[in-house]
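Quick caveat: nothing in here was measured; it's all calculated off a predicted structure.
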Amino acid sequence: MDNRDFLDRLLALPVLLGPIPSPDGRHVAFTWRGFGVGAQTYVAATEPGRKARAVTAPPGDSHPVSWSADGQFLIVGRSHDGDERTSLHRIEVSTGATVALTERPDDHFLFGGALHPNGRWLFYTATKDFTTGAAIESAWIWRHDLISGERRAIARPIGSNYSAPKLNADGSTLLYARNDRSPGGRQLWLVDVEGRNDREIANAGDTVSLSGDWSPDGVSIAVRADGPGHSRVGLLSVADGALRWVIDDAARNVESIAWPKGSRSFVCIETRDAISRGFLLDPATGDEVPLRNDAQGTLLPIAPSAQGNWLGHHFEARHPDRLVLFDPGSPDRQLEPVAPLSHGSDVDPAMLAAPESVIWCSTDGASVQGW
C-alpha cells in the first residue's frame with residue numbers, strides 16, 4: 001500500500017456515534033458517519049461478529065433516538081443539508097419499513113422522541129407552538145398522538161430550554177430539565193403524560209446544571225450536577241424527593257451518567273488528564289468497578305446485553321471506534337467485537353502509532369498534561 005492509498009483508507013474510516021441498545025439488550029442502533037454518503041443509522045444484534053445493516057439511506061443524515069418498548073421499532077431523527085432541523089421517523093427493525101411521524105421542520109427545532117409503551121403517543125420538545133403555528137423561543141414538551149394526529153403541549157418551559165424528555169418504565173411520567181432561572185443552570189422537573197403535576201424535583205442552584213436518568217424500575221433517578229465547584233453524582237428518590245450524593249469529590253470530574261435497563265449500577269464517564277474513563281457505580285453502596293484504560297485503548301460501558309455480558313464502546317489510536325461485548329467482572333476483560341467493519345475497509349493497526357501521554361511543568365509550577 002503506497003502513501004496515497006494509505007491516506008485514502010484512513011479518510012474512509014467511519015466514525016461511530018450515539019449507540020442505543022434495545023430495551024431487551026438484543027440489538028443496538030448507532031450512527032456510522034463517513035461510511036458512504038453522510039451519516040446513516042445501523043442496527044446490529046448484540047452478538048459477537050454479527051454484521052450491522054443500514055436501516056436508513058441518503059439523502060440527509062440520520063441518527064437513532066429511541067426504541068419502542070418491545071424493541072420492534074426504532075425512532076430515528078433525520079436532517080437535511082446540515083440544517084440540524086430534525087424530523088422523526090419510525091422504522092420496523094425486521095423489515096425496514098419506514099413511516100414519517102413528523103414533518104420536516106422549516107422554522108423550528110425538535111429534540112428527543114420517546115415512544116410510549118402503548119405505541120400511540122410520541123413525546124418530544126419543539127420550538128414551535130403547534131396550536132397556533134408560531135415559532136417560539138423555548139422548547140415545549142408535546143404529546144403527539146400518532147393515530148389522531150393531535151398534538152398536546154404538556155409542559156411549557158420558558159427561556160431557551162432544549163431538554164429531550166425521558167419516559168419512566170411504566171410510561172406514566174416524563175423527566176426533563178428547565179433553565180427558567182438562569183441560562184447557565186438546569187433544574188430537573190417531572191410531569192405526567194396528561195400534562196398534570198408539572199413540578200421541580202431537583203435544584204442545586206440557579207447556575208448549576210443538572211442532568212438525570214430514570215432507574216430501570218422508575219422509582220429513582222440518577223443525577224449529575226456540574227457544581228457548585230465540582231461535579232457530583234447522586235441518587236434521587238421520586239417518592240420523597242430526597243437526593244443523596246454518592247460521589248462528591250472536588251478531585252473528580254464525572255462528565256456524564258446513565259442508568260441502563262437491566263443494571264443495578266450507574267454508567268459513569270470520568271475525565272482525568274484528557275482521558276475518558278468509564279466505570280460502573282453502585283448507588284446503594286458507592287462501590288465502583290473501573291474499566292480498562294491501557295495500551296489497548298479506552299472502554300466505555302453502555303448497557304447489559306441479552307447474553308448477560310455488557311455492551312461497550314471501545315476506541316484507541318490504532319483502531320476505529322467499535323462496539324464490543326465484555327464481562328465487567330473478568331480481570332482480563334476480553335473484548336468481542338460487535339458489528340465489525342467489512343473486510344478491506346479497516347487499516348492494519350501495525351501501520352499506526354499510539355500516542356504517548358506526557359506531563360511537564362509550566363512556568364508557574366503547575367503540571368500540564370499533553371500528548
Side-chain angles (χ1 to χ4, degrees), residues 18 20-29 41 43 55 62-78 86-95 97-103 105 109-131 139-157 161-178 188-199 201 212-222 238 258-262 303:
I20 303 177
S22 61
D24 59 8
R26 297 185 181 278
H27 293 87
V28 57
T41 300
V43 172
V55 295
S62 74
H63 63 277
V65 175
S66 65
W67 288 86
S68 62
D70 59 10
Q72 295 184 28
F73 296 92
L74 181 65
I75 305 298
V76 302
R78 297 188 67 95
T86 299
S87 59
L88 297 178
H89 303 253
R90 182 180 59 205
I91 298 176
E92 187 173 4
V93 175
S94 61
T95 66
T98 303
V99 176
L101 304 179
T102 66
E103 67 279 359
F109 294 92
L110 184 149
F111 308 94
L115 189 62
H116 193 273
N118 65 16
R120 176 170 179 166
W121 293 340
L122 183 68
F123 297 91
Y124 50 79
T125 55
T127 58
K128 186 170 185 173
D129 182 349
F130 291 106
T131 58
W140 292 355
I141 297 181
W142 294 87
R143 189 185 76 188
H144 185 166
D145 190 316
L146 300 179
I147 296 179
S148 70
E150 177 197 26
R151 284 169 166 153
R152 178 178 175 183
I154 62 171
R156 304 185 181 192
N161 173 72
Y162 306 117
S163 173
K166 299 178 180 180
L167 268 172
N168 65 347
D170 64 9
S172 64
T173 309
L174 291 159
L175 170 68
Y176 72 105
R178 295 174 69 145
L188 295 181
W189 287 61
L190 293 180
V191 62
D192 75 13
V193 293
E194 297 293 340
R196 299 170 301 205
N197 199 20
D198 189 17
R199 65 196 188 278
I201 59 163
D213 202 13
W214 285 106
S215 63
D217 59 11
V219 302
S220 304
I221 297 172
V238 175
W259 202 340
K261 287 180 171 58

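- Residue pairs meeting the salt bridge (Lys or Arg N to Asp or Glu O under 4.0 Å) criterion with at least one member in residues 109-127, sequence neighbours excluded: Arg120-Asp145.
- The backbone N or O of Lys128 sits less than 3.5 Å from a side-chain atom of Trp142, completing a donor-acceptor pair.
- Here the shortest heavy-atom pairing between Gly119 and Leu146 reads O-CD1, 4.0 Å.
- A 4.5 Å side-chain heavy-atom check between Phe130 and His144 finds every atom pair outside the cut-off.
- For Asn168 against Gly218, the heavy-atom pair with the smallest separation is CB-CA, 4.4 Å.
- Put simply, the side chain of Trp214 gets close to the backbone of Lys166: a donor and an acceptor are under 3.5 Å apart.
- Proximity of a side-chain donor or acceptor of Thr127 to a complementary backbone N or O of Phe109 within less than 3.5 Å is detected.
- The environment of CZ in Arg26 is sparse: at most 12 heavy-atom neighbours from other residues, nucleotides or ligands sit within 6.0 Å.
- Proximity of Trp140 to Thr125: side-chain heavy atoms (C-beta onward) are nowhere separated by under 4.5 Å.
- Within the 4.5 Å cutoff, no side-chain heavy atoms of Leu122 are placed close to those of Arg90.
- Listed by chain and residue number, Glu194 satisfy the salt bridge (Lys or Arg N to Asp or Glu O under 4.0 Å) test with Arg143 (two or more places apart in sequence, or in another chain).
- Asp213 is linked by a side-chain hydrogen bond (donor to acceptor under 3.5 Å, both in side chains) to nothing, counting only residues two or more places apart in sequence or in another chain.
- With hydrogens and angles disregarded, no donor-acceptor distance shorter than 3.5 Å links the side chain of Lys261 to the backbone of Pro21.
- Although no hydrogens or angles enter the test, the distance criterion places a donor-acceptor pair under 3.5 Å between the side chain of His116 and the main chain of Gly171.
- By the 30° and 60° cut-offs, the orientation of the rings of Phe111 relative to Tyr162 is tilted.
- Between His89 and Thr41, the closest side-chain pair of non-hydrogen atoms is not below 4.5 Å.
- Between Tyr176 and Pro157 there is a side-chain heavy-atom pair separated by less than 4.5 Å.
- When each of Ile141, Val65, Thr86, Thr102 is paired with Tyr124, the side-chain contact (heavy atoms from CB on, under 4.5 Å) condition holds for Thr102 and for no other.
- Nearest heavy-atom pair across Ala169 and Pro216 is CB-O, 3.3 Å.
- Considering only heavy atoms from C-beta on, Ile201 stays 4.5 Å or farther from Val238 through its side chain.
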Practice problem: Would you sort out whether Phe123 and Ile154 count as a side-chain contact (heavy atoms from CB on, under 4.5 Å), showing the intermediate values? | Solution: CA-CA 10 Å; Phe123 297 91; Ile154 62 171; 3.9 Å; yes

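- With hydrogens and angles disregarded, no donor-acceptor distance shorter than 3.5 Å links the side chain of Ser66 to the backbone of Ile75.
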